[in-house]
Visitor: 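Starting off with a structure, shown below.
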Amino acid sequence: MGGSTGIVYGGLKYQARCIADVSADPDNTSFLAGTLSLREENEVHLIRMSTSGTELVCEGLFYHPSEIWDLKSCPFDPRIFSTVFSSGETHGASLWEIPELCGQSNAPQLKELVSLKEHSFKIKCVVWWPTGKHDKLVSIDDGNLFLWSIDSSNKTAKVISQESVGMLHSLSGGVWDPHDRNAIAAMSDSSLQFWDLRTMKKASSIEHIHVRDADYNPKKQFMIVTAEDGSGIRLWDLRMPKFPLTEFPGHAHWTWAVRYNPQYDELILSAGTDSAVNLWSASSAGDDMSSESPIESPTRKIDPLLNSYKDYEDSVYGLAWSSREPSVFASLSYDGRVVAESVKPYLPRN
């Protein structure tokens with residue numbers, strides 16, 4: 001399986017980890033990618049797939065002041081995105097606006113809309129509610145969750161509430177439940193924690209797992225997929241969190257990113273430090289499992305690998321499905337290589 005089938009974008013000059021689908025773009029299949037250079041001026045690239053679907057075109061190139069460690073596109077405005085960045089010992093997070101593009105060949109300045117300045121620990125990520133317009137944001141640092149009220153038109157950000165996760169845990173990221181704007185999952189070095197944003201309290205958790213990434217099923221409530229050290233990829237029903245529903249083998253090395261397809265929730269992508277992107281079928285992951293007893297319903301180890309994409313020479317950290325064209329995904333390896341692939345041969349036949 002595998003081989004070179006993808007469309008390669010050659011515009012990133014530096015190392016990079018972050019790519020995001022511009023889900024609010026009504027007209028194009030487009031992505032944002034951000035670089036991670038220590039010495040050079042970093043860049044954000046707005047990348048569009050051509051209407052023929054045969055090439056990736058640079059729609060805009062913008063200078064960004066620091067190394068980009070997290071990048072998310074605003075789900076309801078295609079010109080707004082967030083970054084988490086660092087430069088030496090300093091770190092920060094901001095919301096940016098892409099300027100109007102009028103055929104300029106030089107790199108116009110990004111407009112900083114809002115700076116999220118309340119963090120005293122190292123910021124890990126900014127999380128948008130994925131399902132529609134929402135005036136709240138969550139930012140996560142090593143030890144805290146912040147809930148913000150955002151007004152991008154007036155360039156204001158106000159902390160509504162903040163909660164510490166305690167000294168025993170170090171957070172690395174988070175994902176917002178698309179079915180519940182009050183629920184967020186936060187990843188730590190030893191657990192996956194589920195927080196209620198109304199009370200800013202931890203509602204529940206899955207313990208003794210080191211989660212590198214997680215993603216909620218966009219179609220089915222209570223379902224989440226995790227990428228873990230040691231265990232590869234696991235699917236969970238949060239109503240029965242003692243045991244995973246299913247395990248996939250994951251990658252030959254660390255599994256770094258995992259994403260449900262936005263339209264076909266049977267399809268899951270994963271990326272890893274083994275320089276591969278894997279496409280999995282979750283259709284055999286049991287919705288019919290109703291017992292928490294490991295004797296009655298053991299975790300089923302199946303190998304539903306549909307394809308392995310090997311267009312890379314370096315670790316793959318960035319992964320993004322297109323919301324507008326769900327048969328397409330883009331991935332980003334550490335050497336700055338962006339590749340778009342089609343999964344049309346593997347779409348479920350209803």
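All values below were derived from every heavy atom in this structure, side-chain atoms included, with hydrogens, water molecules and symmetry-related copies excluded.
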Visitor: Can you tell me if S275 uses its side chain to pair, donor with acceptor, with the backbone of D314 under 3.5 Å?
Guide: yes
Visitor: Under 4.5 Å between any side-chain heavy atoms of S190 and H208, yes or no?
Guide: no
Visitor: Is E163 salt-bridged to K201, cutoff N-O under 4.0 Å?
Guide: yes
Visitor: Does the separation of the ring centres of F85 and H64 fall below 6.0 angstrom?
Guide: yes
Visitor: Can you name the ring pair (Phe, Tyr, Trp, His ring centres under 6.0 Å) partners of W195, sequence neighbours left out?
Guide: none
Visitor: So, does N261 use its side chain to make a donor-acceptor pair with the main chain of I268 at under 3.5 Å?
Guide: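 No, because the side chain of N261 does not come within donor-acceptor range (under 3.5 Å) of the backbone of I268.
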Visitor: Are any of the side-chain nitrogens in E313 or R337 under 4.0 Å away from the carboxylate oxygens of its partner?
Guide: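 Salt bridge flag = no for R337 with E313.
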Visitor: Please evaluate residues L192 and I224 with respect to the criterion side-chain contact (heavy atoms from CB on, under 4.5 Å), reporting the C-alpha separation (whole Å), side-chain torsions for both, the decisive distance (0.1 Å), and the verdict.
Guide: CA-CA 11 Å; L192 184 63; I224 199 166; 4.2 Å; yes
Visitor: Quick test of your reading of the model: are R324 and D25 salt-bridged, counting only N-O distances below 4.0 Å?
Guide: no
Visitor: Please list, chain by chain and in numerical order, all residues satisfying side chain to side chain donor-acceptor pair (under 3.5 Å) with T90, sequence neighbours excluded.
Guide: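 By the side chain to side chain donor-acceptor pair (under 3.5 Å) rule, T90 matches no residue at all.
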Visitor: Quick one: do I123 and L113 end up in the same hydrophobic cluster if we chain Ile, Leu, Val, Met, Phe, Trp and Tyr together by side-chain heavy atoms under 4.5 Å apart?
Guide: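 Yes, I123 connects to L113 through the hydrophobic network.
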Visitor: Same cluster for L145 and V127 if Ile/Leu/Val/Met/Phe/Trp/Tyr side chains link at under 4.5 Å?
Guide: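 Same cluster: L145 reaches V127 through Ile, Leu, Val, Met, Phe, Trp or Tyr contacts under 4.5 Å.
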Visitor: Quick one: salt bridge (Lys or Arg N to Asp or Glu O under 4.0 Å) pairs with a partner in residues 75-94, sequence neighbours left out?
Guide: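 Sorted pair list: R79-E100.
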Visitor: Apply the test salt bridge (Lys or Arg N to Asp or Glu O under 4.0 Å) to residues D213 and R259: give CA-CA distance (whole Å), side-chain angles for both, the deciding distance (0.1 Å), then the verdict.
Guide: CA-CA 9 Å; D213 199 18; R259 296 284 182 275; 2.5 Å; yes
Visitor: Please test H210 against D189 for side-chain hydrogen bond (donor to acceptor under 3.5 Å, both in side chains), starting from the C-alpha separation and ending with a verdict.
Guide: CA-CA 5 Å; H210 185 177; D189 45 9; over 6 Å; no
Visitor: Side chains of F194 and I206: does their closest heavy-atom pair fall under 4.5 Å?
Guide: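 Touching, per the 4.5 Å side-chain cut-off.
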Visitor: Just how far is it from atom CG of L332 to atom CG of L36, taken to the nearest 0.5 Å?
Guide: 10.0 Å
Visitor: Give a yes or no on whether the backbone of S30 and the side-chain of N28 come within a donor-acceptor separation of less than 3.5 Å.
Guide: no
Visitor: Please check this pair: side chain of S205 against backbone of E207, looking for a donor-acceptor N/O pair closer than 3.5 Å.
Guide: no
Visitor: Where do N217 and D265 land on the side-chain hydrogen bond (donor to acceptor under 3.5 Å, both in side chains) test, with the steps shown first?
Guide: CA-CA 6 Å; N217 187 315; D265 65 317; 3.0 Å; yes
Visitor: Apply side-chain contact (heavy atoms from CB on, under 4.5 Å) to the pair Y312 and V339, showing each step before the final yes or no.
Guide: CA-CA 9 Å; Y312 317 94; V339 182; 3.7 Å; yes
Visitor: State whether the side chain of S50 and the backbone N or O of E55 hold a donor-acceptor pair below 3.5 Å, judged by distance alone.
Guide: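 Here the side-chain-to-backbone pair exists.
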Visitor: Kindly compute the distance separating CG (N278) from CG (L305), expressed to the nearest 0.5 Å.
Guide: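 Those atoms lie 5.0 Å apart.
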Visitor: Between W280 and S270, do the side chains contain a donor N or O and an acceptor N or O under 3.5 Å apart?
Guide: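 W280 and S270 do have a side-chain donor-acceptor pair below 3.5 Å.
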Visitor: Between W256 and S315, do the side chains contain a donor N or O and an acceptor N or O under 3.5 Å apart?
Guide: no
Visitor: Centre-to-centre under 6.0 Å for Y216 and H179, is that the case here?
Guide: no
Visitor: Is a donor on one side and an acceptor on the other found under 3.5 Å between the side chain of S152 and the backbone of K155?
Guide: no
Visitor: Are L32 and V22 close enough that some pair of their side-chain heavy atoms sits under 4.5 Å apart?
Guide: yes
Visitor: Looking at side-chain heavy atoms only, is the closest gap between K136 and I150 below 4.5 Å?
Guide: no
Visitor: Can you pull out every side-chain hydrogen bond (donor to acceptor under 3.5 Å, both in side chains) where at least one residue sits in residues 32-47? Sequence neighbours excluded, please.
Guide: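 Applying side-chain hydrogen bond (donor to acceptor under 3.5 Å, both in side chains) to every pair that reaches into residues 32-47, excluding sequence neighbours, yields Y9-H45, K13-E43, T35-N42, E43-H45.
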Visitor: Less than 4.0 angstrom from a charged side-chain N to a carboxylate O is my criterion; do K124 and D142 meet it?
Guide: yes
Visitor: With heavy-atom distances below 4.5 Å as the criterion, would you say the side chains of V8 and L56 are in contact?
Guide: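 A side-chain contact is absent here, since even the closest heavy-atom pair is not under 4.5 Å.
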Visitor: State, without any angle test, whether E112 and S94 hold a side-chain donor-acceptor pair at a distance under 3.5 Å.
Guide: yes
Visitor: Please evaluate residues Y264 and S327 with respect to the criterion side-chain hydrogen bond (donor to acceptor under 3.5 Å, both in side chains), reporting the C-alpha separation (whole Å), side-chain torsions for both, the decisive distance (0.1 Å), and the verdict.
Guide: CA-CA 9 Å; Y264 308 101; S327 63; over 6 Å; no
Visitor: Could you work out, with ring pair (Phe, Tyr, Trp, His ring centres under 6.0 Å) as the rule, every residue matching Y334, not counting sequence neighbours?
Guide: Y317
Visitor: Examine F329 together with F31 and report whether their ring centres are nearer than 6.0 Å.
Guide: no
Visitor: In this structure, are over 12 heavy atoms from other groups packed under 6.0 Å from F121 atom CZ?
Guide: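 No, the 6.0 Å shell around CZ holds no more than 12 heavy atoms from other groups.
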Visitor: Between V343 and L267, is there a side-chain heavy-atom distance shorter than 4.5 Å?
Guide: yes
Visitor: Within the 4.5 Å heavy-atom criterion, are L319 and V277 side-chain neighbours or not?
Guide: yes
Visitor: Taking the six-membered ring where the residue is Trp, are the ring centres of H134 and W176 under 6.0 Å apart?
Guide: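 Centroid distance H134-W176: below 6.0 Å, so yes.
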Visitor: Considering residues at least two apart in sequence or located in another chain, which fulfil the salt bridge (Lys or Arg N to Asp or Glu O under 4.0 Å) criterion with R181?
Guide: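 Partners of R181 by the salt bridge (Lys or Arg N to Asp or Glu O under 4.0 Å) criterion come out as none, since no residue qualifies.
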Visitor: Give the C-alpha distance, both sets of side-chain angles, the deciding distance and a yes or no for side-chain hydrogen bond (donor to acceptor under 3.5 Å, both in side chains) between D335 and S333.
Guide: CA-CA 5 Å; D335 53 7; S333 51; 2.6 Å; yes
Visitor: Under 4.5 Å between side-chain heavy atoms, counting indirect links through other Ile/Leu/Val/Met/Phe/Trp/Tyr residues: same cluster for V126 and F81 or not?
Guide: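 In one cluster with V126: F81, no.
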